[in-house]
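See structure below.
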Amino acid sequence: MPTIALVDDDRNILTSVSMALEAEGYHVQTYTDGAAALAGLGANPPDVAVFDIKMPRMDGMELLRRLRQKSDMPVIFLTSKDDEIDELFGLKMGADDYIKKPFSQRLLVERVKAVLRRAQNTKGEAATGGETEAAAVLERGKLLLDPDRHACTWGGEAVVLTVTEFLILQSLAQRPGYVKSRDSLMDAAYDDQVYVDDRTIDSHIKRLRKKFKEVDKEFDAIETLYGVGYRYREA
């Protein structure tokens with residue numbers, strides 16, 4: 001039974017969303033502020049965390065920043081209708097998805113399902129036909145991606161990626177030199193029922209580059225072709 005963590009200072013949202021998720025068979029953890037959530041999520045990591053940006057004691061941005069220092073758990077942000085800057089900043093920090101308030105409970109449940117499916121895919125749970133673990137490992141120059149372990153290294157150095165970042169990078173690295181449009185990367189990283197715009201993919205690419213540059217200042221394997229898309233360049 002997957003566990004979903006909800007973090008929001010609006011108790012009505014916590015109650016209604018909890019009921020919707022529990023009706024789908026999920027176990028739900030709830031927190032009313034970021035500080036309590038940080039302690040709780042560290043002690044009992046969920047399969048997916050959903051939290052609001054604007055909260056007392058510790059807002060969602062700070063909560064995400066601290067979580068990303070030690071965890072790659074999938075995170076979905078809840079944002080106010082006009083918080084476009086917050087959405088993009090949240091994605092750059094490592095959020096996997098976002099939903100604008102007000103939202104329908106059905107939409108949130110579907111987004112949670114989509115993120116869970118993506119997380120399972122990166123662990124190789126969707127593999128069939130007797131594929132071996134070794135066959136699932138992708139090596140491209142200094143890059144090594146191991147979907148079964150959700151592990152990524154660059155020149156032997158570990159690079160911690162979110163589910164969405166891992167899937168985007170995997171899609172690019174599978175065919176070095178070939179251009180992937182933003183639509184193609186959306187299809188690789190997001191469920192068919194989930195719509196995201198171009199800026200979302202751009203934000204994830206920027207986040208990927210930043211993470212790799214932290215272990216290799218000369219990293220330039222992800223190329224931008226303006227007006228076309230992105231490609232992986234194998235050294």
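All residue numbers refer to positions in the sequence shown, counting from 1. Remember, it's a predicted structure, so these values are computed and weren't measured experimentally.
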| query | Taking everything shown except Gln69 itself, do over 12 heavy atoms lie less than 6.0 Å from its CD? | reply | yes

| query | Any side-chain heavy atom of Val28 within less than 4.5 Å of one from Thr30? | reply | yes

| said: Working to the nearest 0.5 angstrom, can you tell me the gap between Asp59 CG and Leu64 CG? | reply: 10.0 Å

| query | Going through the checks in order, is the salt bridge (Lys or Arg N to Asp or Glu O under 4.0 Å) test met by Arg68 and Asp96? | reply | CA-CA 12 Å; Arg68 283 291 173 258; Asp96 291 275; 3.5 Å; yes

| With side chains defined as the heavy atoms from C-beta onward, is the minimum distance between Ile4 and Pro46 less than 4.5 Å? | no

| task | Before accepting this row, confirm whether a basic side-chain N of the pair Arg182/Asp202 lies closer than 4.0 Å to the acidic partner's carboxylate O. | result | yes

| task | For Arg106, look at atom CZ and say whether over 12 heavy atoms of other residues, nucleotides or ligands are found less than 6.0 Å away. | result | yes

| said: Measuring only between side-chain heavy atoms, which start at C-beta, is Asp10 closer than 4.5 Å to Asp52? | reply: no

| query | With a 4.5 Å limit on heavy-atom distance, are the side chains of Ile222 and Leu169 in contact? | reply | yes

| note | For Val179, the other hydrophobic cluster members (4.5 Å side-chain criterion, sorted by chain and number) are Leu225, Val228

| message | As a quick check of understanding, evaluate side chain to side chain donor-acceptor pair (under 3.5 Å) for Thr224 and Arg209, giving each step before the final call. | response | CA-CA 11 Å; Thr224 301; Arg209 285 172 171 155; 2.6 Å; yes

| field | Check: Glu24 side chain, Lys113 main-chain N or O, donor-acceptor pair, under 3.5 Å | value | no

| task | Mind checking the CG-CZ spacing from Leu116 to Arg111? Nearest 0.5 Å is all I need. | result | 14.0 Å

| query | For the hydrophobic clusters of this structure (ILVMFWY residues joined by side-chain heavy atoms under 4.5 Å, transitively), does one cluster hold both Leu14 and Val109? | reply | yes

| task | Any chance you could measure Lys180, atom NZ, to Tyr232, atom OH, to the nearest 0.5 Å? | result | 13.5 Å

| So Phe219 and Phe212, would you call those rings parallel, tilted or perpendicular, with 30° and 60° as cut-offs? | parallel

| Residue list, salt bridge (Lys or Arg N to Asp or Glu O under 4.0 Å) with Glu22, at least two apart or on another chain | none

| message | As an exercise, state the distance from CG of Asp216 to CD of Glu157, rounded to the nearest 0.5 Å. | response | 9.5 Å

| Got Leu185 and Leu172 here, is their nearest side-chain heavy-atom distance under 4.5 Å? | yes

| Lys211 and Glu214 ion-paired at < 4.0 Å | no

| query | So how far is it from Thr32 OG1 to Met55 CE, rounded to the nearest 0.5 Å? | reply | 9.5 Å

| query | Under 4.5 Å between any side-chain heavy atoms of Lys101 and Asp8, yes or no? | reply | yes

